[in-house]
Amino acid sequence: NAGVTQTPKFRVLKTGQSMTLLCAQDMNHEYMYWYRQDPGMGLRLIHYSVGEGTTAKGEVPDGYNVSRLKKQNFLLGLESAAPSQTSVYFCASRNGGFGNQPQHFGDGTRLSIL
Amino acid sequence: GNSVTQMEGPVTLSEEAFLTINCTYTATGYPSLFWYVQYPGEGLQLLLKATKADDKGSNKGFEATYRKETTSFHLEKGSVQVSDSAVYFCALSDLSENDYKLSFGAGTTVTVRA
């Protein structure tokens with residue numbers, strides 16, 4: 001079972017460059033999420049989606065955009081990368097229903113902005 | 001708003017020692033509670049969960065009891081192994097806007113020495 005797959009796994013960018021992180025899930029989940037993980041801060045929600053064609057802002061959305069054109073894919077874009085966006089990015093998905101359904105996480109994308 | 005406070009690490013133990021990681025929460029509703037584990041270089045994996053007061057979640061020798069009166073969900077294991085070395089995250093899921101979002105603690109790094 002692939003579960004949640006993130007590509008790429010590592011990336012180094014220069015300030016001002018743009019890139020897109022791809023998240024794909026094969027569990028037919030409705031809900032998908034993008035987080036960033038920084039030392040001592042746990043995971044913080046960037047954007048999320050409650051279904052195909054929908055997106056919404058999370059806790060730290062500035063500097064990021066997302067799209068959910070297909071149910072299985074959730075893309076995170078950085079239009080003009082900044083050093084403050086150096087982080088580990090995690091995608092997650094979960095089934096519908098109530099809050100007792102756990103989120104399933106990918107292995108992360110380690111992004112460095114120089 | 002919702003928040004999760006975890007015992008600060010890092011925690012270093014010898015094999016077969018007893019492990020406790022404290023977790024307390026603040027929530028406006030009736031959240032579900034989770035412990036996730038992150039092994040080096042990997043994403044988060046669900047370790048255990050509890051969905052209502054007095055529920056006990058358990059998995060791989062770990063246990064945590066949902067204590068509503070003390071708003072706590074402490075993680076315990078009676079005899080740790082080197083393979084338990086990881087970062088542990090306490091999290092709660094509660095309804096916010098149109099989705100059940102996760103709020104994470106900062107994480108506790110546990111190192112078990114042989």
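Labels below follow one simple rule: chain letters A, B, ... track the order of the sequence lines, proteins then strands, and each chain is numbered from 1.
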Checklist entry - Counting a contact as any heavy-atom pair under 4.5 Å apart, which residues of residues 39-49 of chain B contact chain A? => result B:Gly41, B:Glu42, B:Gly43, B:Leu44, B:Leu46, B:Lys49
Next on the checklist: As a quick check of understanding, evaluate side-chain contact (heavy atoms from CB on, under 4.5 Å) for B:Ser93 and B:Phe34, giving each step before the final call.
Outcome noted: CA-CA 8 Å; B:Ser93 174; B:Phe34 303 85; 3.5 Å; yes
Next on the checklist: Is A:Leu43 close to chain B through its backbone or its side chain, or both, or neither, when contacts mean heavy atoms under 4.5 Å?
Outcome noted: both
Checklist entry - Which answer fits A:Glu59, side chain, backbone, both or neither, if we ask what part of it has an atom under 4.5 Å from a heavy atom of chain B? => result neither
Checklist entry - Does B:Phe62 have its ring centroid less than 6.0 Å away from the ring centroid of B:Tyr88? => result yes
Item to check | Salt bridge present between B:Lys56 and B:Glu63 (N-O < 4.0 angstrom) | outcome: yes
Item to check | Residues in ring-ring contact (aromatic ring centres under 6.0 Å, His included) contact with B:His74, at least two apart in sequence or another chain | outcome: none
Next on the checklist: Tell me if a side-chain donor or acceptor on B:Glu16 pairs with a main-chain N or O of B:Ser79 at a distance below 3.5 Å.
Outcome noted: no
Next on the checklist: Among B:Leu102, B:Thr51, B:Thr109, which residue has the highest count of heavy-atom pairs closer than 4.5 Å to chain A?
Outcome noted: B:Leu102
Checklist entry - Can you find a side-chain donor-acceptor pair between A:Glu79 and A:Ser18 that sits under 3.5 Å? => result no
Item to check | chain B-proximal positions within residues 85-94 of chain A [heavy-atom distance under 4.5 Å] | outcome: A:Phe90, A:Arg94
Checklist entry - So which of A:His104, A:Arg44, A:Gln101, A:Gln37 has the largest heavy-atom pair count under 4.5 angstrom toward chain B? => result A:Gln37
Checklist outcome for this item: Applying side-chain contact (heavy atoms from CB on, under 4.5 Å) to A:Lys14 and not counting sequence neighbours gives A:Gln17
